[in-house]
Amino acid sequence: MSELSFRALSALPGSVSRPRYDRAHARIGIVHLGLGAFQRAHQAVYTEEVLAGGDLEWGIAGVSLRSPETRDALVPQDGLYTVAVRSGQGDRLQVIGSVLRSLVAPEDPEAVLALLAARDTRIVSLTVTEKGYCHNPATGELDEAHADIRHDLAHPKAPRSAPGFLVEALARRQAAGILPFTVLSCDNLPANGQTARRVVTRLAHLRDEALGAFVEGEVAFPSTMVDRIVPATTDDDRAFVAQALGVRDAWPVMTEPFTQWVIEDRFPTGRPAWERAGASFTSDVEPFELMKLRLLNGSHSTLSYLGYLAGFETVSDVMGAPRFAEFLAAMMREEIAPTLPPLPGFDLGAYQRQLLQRFQNPALRHRTWQIAMDGSQKIPQRLLGTIRHRLAAGAPFERLALGLAGWMRYVAGSRDGGEPIDVRDPLGVRLRALCDEAGPGPKRQAAALLSVREVFGDDLPADPAFREAVTGALAEVMARGAAGAVAARA
Ligand code: CS2
């Protein structure tokens, strides 16, 4: 079987959509840092529609900040790849052409900087995950002791971190008298534009006051809310796509029919008309971000920790298990939704019902283990902000506490059946050591983990109501197992 390529496009089955614009004349207007599956199933698809509409100045150059795997897969395919939209109702395949170039930053940081500094580059978008911001998750401030930040301060012309690349590129643009690009964070962080702004501005200040002032005064960092479920691609997915296309695609991406992008409309040097592809522009993204982070991601993390502990491999398996769906529905309705700012005209009840349906999608094999990754970076905005809100209102949060207890049990390193867990988290080794040193029992385990200030801040560990709720929830998970504890609180 041959590979997907520009030449192979004409032989694809008629049901597969493909680029029909003049790709040879498309130019790079966007550099994307973090060329992963999510960006390729989300922003690249919106941009594909813009190119298809004839606006060819917004092609994407995708940069991987770590591994060469995506580039190695895409280059032999002329940058083309398949997005497979899957659901119980059937599948829809589209070949995407909007990623015109792919680069691997550690191989050639200079090439990346040259592209970032180029006049045509007007937007730099980011999906570098929570940890890519090199910030303290509890405060949102730049972690100045972070190894990559220290490296980037010592070697500004060969950076490693996303903030390091942005600051050096902005310095070069300033020196060359070229207007700065707009920085578009597309990560699951609250006020993600402000978080990006805070870390980039701080790093620029640490390098040089004038550069700091330039970044602070001249660069736009609009916030966005992004939403589409995109599980990691498996070999079975590759086989399915090859079968459907009649050619091999080394790295297709699997996703769901749902997609949403809400963007703050602040692009001083222009932007693509992403609204043509269904994005919405607004002056205030924050209510949408909070809604999505707390309802979707908060439930996702909760079901993943508790579901993984109970032995379930995928999100849809968890949703099919007794009492989990009821538990999540009640958590959203009773504990999360009341903490959200009003969104006039928006049906929050329908949104919650739709989330439960999306989680049930039987065609997406979204692994609980994948979502459980990097919990120390995720739970502050997914669960703890909501819990703070409930505490301040004197309102109960027993299900949220159970989600948090699931995380505590998970990072201690074994499943309910005793099998070891491969915990992936930048703080994983420290969290595990804290649990091991503390000795057994919910009181000691909870106390040990609550000492991690980057996650819990100073306020929560000092709050007796919080400590009691979390310790009680952990005791329940330990005594009954995660499935039993869920059933008791459903
Ligand atoms: C998930 C998200 O992996 C995770 O942590 O919760 O990636 C989730 O699928 C997306 O935010 C959906 O938009």
Side-chain angles (χ1 to χ4, degrees), residues 34 36-46 83 85-87 125-133 137 185-190 192 195 223-234 253-263 278-280 285 288-308 312-316 318-319 328 331-332 336 351-352 354-361 363-386 400 403-404 406-407 410-411 423-426 428 455:
F38 179 71
Q39 184 265 348
R40 293 198 289 132
H42 190 272
Q43 299 107 74
V45 177
Y46 286 83
V83 170
V85 176
R86 312 200 66 182
S87 74
S125 50
L126 309 172
T127 51
V128 293
T129 79
E130 297 84 352
K131 61 178 180 273
Y133 289 76
S185 166
C186 298
D187 282 293
N188 284 316
L189 291 165
N192 51 11
T195 304
S223 282
T224 62
M225 182 269 252
V226 292
D227 189 8
R228 196 168 210 188
I229 294 175
V230 188
T233 304
T234 64
V253 286
M254 304 299 117
T255 190
E256 59 174 342
F258 184 91
T259 180
Q260 191 178 16
W261 197 6
V262 186
I263 312 169
S280 35
V285 171
F288 291 97
E289 278 183 311
L290 275 185
M291 174 187 80
K292 193 254 169 174
L293 278 169
R294 291 185 177 179
L295 283 172
L296 188 158
N297 297 110
S299 313
H300 231 189
S301 289
T302 297
L303 79 84
S304 294
Y305 293 118
L306 295 168
Y308 187 92
F312 298 109
E313 198 190 337
T314 69
V315 172
S316 59
V318 179
M319 294 302 287
L328 291 170
M331 180 173 103
M332 289 195 217
I336 305 178
Y351 182 78
Q352 293 166 57
Q354 186 184 34
L355 283 181
L356 293 169
Q357 271 170 14
R358 290 171 63 194
F359 293 163
Q360 274 154 8
N361 187 337
L364 283 186
R365 293 190 51 75
H366 199 184
R367 294 174 69 200
T368 47
W369 179 82
Q370 186 190 348
I371 300 165
M373 258 188 253
D374 291 348
S376 68
Q377 316 292 302
K378 291 175 174 173
I379 60 164
Q381 59 275 9
R382 294 182 177 205
L383 295 175
L384 300 180
T386 324
L400 292 161
L404 192 55
W407 172 76
Y410 184 93
V411 296
V423 176
R424 302 280 174 93
D425 191 300
V455 174

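Whatever order the structure lists them in is the order used to number ligands and atoms, beginning at 1. We count residues from 1, following the sequence as given.
- At a 4.0 Å cut-off, not a single heavy atom of Met373 sits close enough to ligand 1 to count as contact.
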| Stepwise, does the side-chain contact (heavy atoms from CB on, under 4.5 Å) test hold for Met373 with Thr129? | CA-CA 11 Å; Met373 258 188 253; Thr129 79; over 6 Å; no

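- Between Arg358 and ligand 1, a contact under 3.5 Å exists for no N or O pair.
- Residue Asn188 has at least one N or O atom closer than 3.5 Å to an N or O atom of ligand 1.
- The distance from ligand 1 to the heavy atoms of His366 drops below 4.0 Å at these ligand atoms: 9 (O).
- For Gln370 (side chain) and Pro231 (main-chain N/O), no donor-acceptor pair under 3.5 Å exists by modelled atom type.
- Atom 13 (O) of ligand 1 has as its closest protein heavy atom Asp227 OD1, 2.6 Å.
- Taking the six-membered ring where the residue is Trp, Tyr46 and His42 present tilted rings, their angle falling between 30° and 60°.
- The single protein non-hydrogen atom nearest to atom 2 (C) of ligand 1 is Asn297 ND2, 3.6 Å, given as residue, atom name and distance.
- No side-chain heavy atom of Glu313 sits under 4.5 Å from any side-chain heavy atom of Trp369.
- The Lys292 neighbourhood of ligand 1 comprises atoms 10 (C), 11 (O), 12 (C), 13 (O), with distances under 4.0 Å to a heavy atom of that residue.
- The distance between the ring centers of His300 and Phe359 falls below 6.0 angstrom.
- Remark: ligand 1 and His300 share an N or O pair separated by less than 3.5 Å (distance only, no angle test).
- Between Asn188 and Gln381, the shortest heavy-atom distance links the atoms O-NE2, 3.7 Å.
- In the vicinity of Lys378, heavy-atom distances shorter than 4.0 Å reach the ligand 1 atoms 3 (O), 4 (C), 5 (O).
- Put simply, CG on Asp227 and SG on Cys186 are 12.5 Å apart, with the number rounded to the nearest 0.5 Å.
- When heavy-atom distances to ligand 1 are checked against a 4.0 Å cut-off, Met225 has no atom that comes that close, whether in backbone or side chain.
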